[in-house]
Chemist: 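Could you have a look at this structure, given as structure tokens, before my questions?
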Amino acid sequence: MGDSRNSTICENLHQMLTVRKSTNIAWHKSSVEKFDRQELLQQKGCVIWITGLSGSGKSTLACTLSRGLHLRGKLTYILDGDNVRHGLNSDLSFKVEDRAENIRRIGEVAKLFADAGIICIASLISPYRKDRDACRALLPEGDFIEVFLDVPLQVCEARDPKGLYKLARCGKIKGFTGIDDPYEPPLNCEIVLQQKGGDCVSPSDMAETVISYLEEKGYLQA
Ligand SMILES: Nc1ncnc2c1ncn2[C@@H]1O[C@H](COP(=O)(O)OS(=O)(=O)O)[C@@H](OP(=O)(O)O)[C@H]1O
Ligand SMILES: Nc1ncnc2c1ncn2[C@@H]1O[C@H](COP(=O)(O)OP(=O)(O)O)[C@@H](O)[C@H]1O
């Protein structure tokens, strides 16, 4: 009973957040389009969406990937969940509806970056499949590249670089992903990165896997 009431409240809140309130608006076209910007940059705009548990290595991969692409002369921009929550999303908590809004806003911003011709790297837990799929739906087919950092909870917890798992385990943080809040792994994403037989795969090897994918799909040329 309580659960179904909570989920109705969440659904209503979600609808309130996503209902369109801007009316009487028109779309203005520019004489400089995405195609022109991509020609200028010699690359194709897209979104690389890195999802995974806290401590799985999302920020590390985002930075390594950004550096690797930069060295190849490609323009990137990172939208890291932790960082965006310092500014644009500082009004959002970790409740289910606030996580949904965090992801929705980052998805919309990522879409703008991709339209600018930039390779946008979004790294955030984004624990719900529905929210990630909604971001995918914002972009043209192929331009949303979901990368799942498939690192087991025990490994993330052993790393615990910020001490957050420890706080979550002793109840000082409530609703921590993987402990007392859900994480829904992707069912069919573009890239899955895992450790190999218990050995760590280095962040630069992981970044190379992503760069090879981008190369193969033609994103590193106009
Ligand atoms: N309750 C709870 N659950 C998970 N994570 C928490 C929580 N509270 C704070 N943090 C810190 O916030 C970072 C995750 O922010 P995100 O914006 O990526 O989260 S989400 O996508 O909205 O779920 C996450 O950063 P990462 O460790 O880099 O993932 C944590 O540092
Ligand atoms: N491929 C990897 N192999 C081993 N350790 C890693 C790897 N990537 C990141 N780490 C380490 O794991 C910890 C969490 O990484 P971080 O990038 O902050 O994760 P997240 O952004 O998902 O919370 C850090 O101490 C980092 O040095």
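Order of listing sets the numbers, starting from 1, for every ligand and every atom in it. Quick caveat, the model's predicted, so the values are computed rather than measured.
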Chemist: Regarding Y219 and D143, do their side chains bring together a donor and an acceptor under 3.5 Å, going by distance alone?
Modeler: yes
Chemist: For atom 13 (C) of ligand 1, what is the nearest protein heavy atom, given as residue, atom name and distance?
Modeler: D82 OD1, 3.4 Å
Chemist: What are the atoms of ligand 1, with element, lying closer than 4.0 Å to any heavy atom of S54?
Modeler: 26 (P), 27 (O), 29 (O)
Chemist: Could you check whether R105 pairs with E108 (Lys NZ or Arg NE/NH1/NH2 to Asp/Glu carboxylate O, under 4.0 Å)?
Modeler: no
Chemist: Which residue owns the protein heavy atom closest to atom 1 (N) of ligand 1, what's the atom, and how far is it?
Modeler: G175 O, 2.9 Å
Chemist: Should M206 and L149 be marked as a side chain to side chain contact (heavy atoms under 4.5 Å, CB included) after you check the CA-CA gap, both sets of side-chain angles, and the distance that decides it?
Modeler: CA-CA 9 Å; M206 289 183 171; L149 261 180; 3.7 Å; yes
Chemist: Any idea which protein heavy atom is nearest atom 3 (N) of ligand 1, and the distance to it?
Modeler: R99 NH2, 3.1 Å
Chemist: If we set the cut-off at 4.0 Å for heavy atoms, which region of F176 has an atom near ligand 1: side chain, backbone, both, or neither?
Modeler: both
Chemist: Please work out which of S54, G55, C200, S123 has its closest non-hydrogen atom nearest to atom 14 (C) of ligand 2.
Modeler: G55
Chemist: Which is closest to atom 20 (S) of ligand 1 by heavy-atom distance: I106, D80, N102?
Modeler: N102
Chemist: Just heavy atoms, cut-off under 4.0 Å: does L53 contact ligand 2 by side chain, backbone, both, or neither?
Modeler: backbone
Chemist: Between L53 and V151, is the side chain to side chain contact (heavy atoms under 4.5 Å, CB included) condition met? List the steps.
Modeler: CA-CA 8 Å; L53 292 170; V151 179; over 6 Å; no
Chemist: Would S56 count as a polar contact of ligand 2, with the cut-off being nitrogen or oxygen pairs under 3.5 Å?
Modeler: yes
Chemist: Applying the side-chain contact (heavy atoms from CB on, under 4.5 Å) criterion to L88, which one of D91, L92, V84 satisfies it?
Modeler: V84
Chemist: Would you tell me which option among V201, L61, V155 has the nearest heavy-atom contact to atom 1 (N) of ligand 2?
Modeler: V201
Chemist: Have a look at L53, V96, I125, T60 and point out the one with the heavy atom closest to atom 5 (N) of ligand 1.
Modeler: I125
Chemist: I want to know if ligand 2 touches K162 in the polar sense, i.e. an N/O pair below 3.5 angstrom.
Modeler: no
Chemist: Check step by step if side chain to side chain contact (heavy atoms under 4.5 Å, CB included) holds for I145 and V47.
Modeler: CA-CA 6 Å; I145 300 154; V47 175; over 6 Å; no
Chemist: What is the distance from atom NZ of K74 to atom CD of E215, rounded to the nearest 0.5 Å?
Modeler: 9.0 Å
Chemist: Could you tell me the residue and atom name of the protein heavy atom closest to atom 31 (O) of ligand 1, and the distance to it rounded to 0.1 Å?
Modeler: K162 NZ, 2.9 Å
Chemist: Polar contacts were defined as any N/O atom of the residue lying under 3.5 Å from an N/O atom of the ligand; does this apply to L164 and ligand 1?
Modeler: no
Chemist: Write out the residue and atom name of the closest protein heavy atom to atom 24 (C) of ligand 2, then the distance separating them to 0.1 Å.
Modeler: P161 CG, 4.2 Å
Chemist: Has ligand 2 got any nitrogen or oxygen that is less than 3.5 angstrom from a nitrogen or oxygen of G57?
Modeler: yes
Chemist: Please name the pair of heavy atoms, one in C135 and one in L139, separated by the smallest distance, quoted to 0.1 Å.
Modeler: O-CD1, 3.7 Å
Chemist: If you have a sec, work out which protein heavy atom is nearest atom 8 (N) of ligand 1 and how many Å separate them, to one decimal?
Modeler: F94 CE1, 3.4 Å
Chemist: Do the side-chain N and O atoms of S56 and R159 include a donor-acceptor pair separated by under 3.5 angstrom?
Modeler: no
Chemist: For atom 16 (P) of ligand 1, what is the nearest protein heavy atom, given as residue, atom name and distance?
Modeler: R85 NE, 3.7 Å
Chemist: Going by the atom numbers of ligand 1, which of them fall below 4.0 Å from some non-hydrogen atom of T177?
Modeler: 3 (N), 4 (C)
Chemist: Any non-hydrogen side-chain atom of L79 less than 4.5 Å from a side-chain atom of S123?
Modeler: no
Chemist: With atoms numbered from 1 as shown, which atoms in ligand 1 lie under 4.0 angstrom from a non-hydrogen atom of G81?
Modeler: 17 (O), 18 (O)
Chemist: Please work out, at 4.0 Å between heavy atoms, whether the side chain, the backbone, both, or neither of R159 comes within that distance of ligand 2.
Modeler: side chain
Chemist: Can you confirm, on distance only, whether ligand 1 has an N/O atom lying under 3.5 Å from any N/O atom belonging to S123?
Modeler: no
Chemist: Between R85 and D80, is there a side-chain heavy-atom distance shorter than 4.5 Å?
Modeler: no
Chemist: Specify the protein heavy atom at minimum distance from atom 21 (O) of ligand 1: its residue, its atom name, and the distance to 0.1 Å.
Modeler: S126 N, 2.8 Å
Chemist: Could you identify the single nearest non-hydrogen protein atom to atom 29 (O) of ligand 1 and state the distance to 0.1 Å?
Modeler: K58 NZ, 2.9 Å
Chemist: Is any side-chain heavy atom of S54 closer than 4.5 Å to a side-chain heavy atom of I125?
Modeler: yes
Chemist: Going from NZ on K58 to CZ on F148, what distance comes out if it is rounded to the nearest 0.5 angstrom?
Modeler: 10.5 Å
Chemist: For atom 17 (O) of ligand 2, which protein heavy atom lies nearest, and how many Å away is it?
Modeler: T60 OG1, 2.4 Å
Chemist: Check ligand 1 against L124 and write out every atom of the ligand that is under 4.0 Å from a heavy-atom position of the residue.
Modeler: 18 (O), 21 (O)
Chemist: Without hydrogens or angle criteria, can the side chains of D98 and S93 be said to hold a donor-acceptor pair below 3.5 Å?
Modeler: yes
Chemist: Less than 6.0 angstrom from the centroid, inside 45 degrees of the normal: does R129 satisfy that with respect to the ring of Y183?
Modeler: no
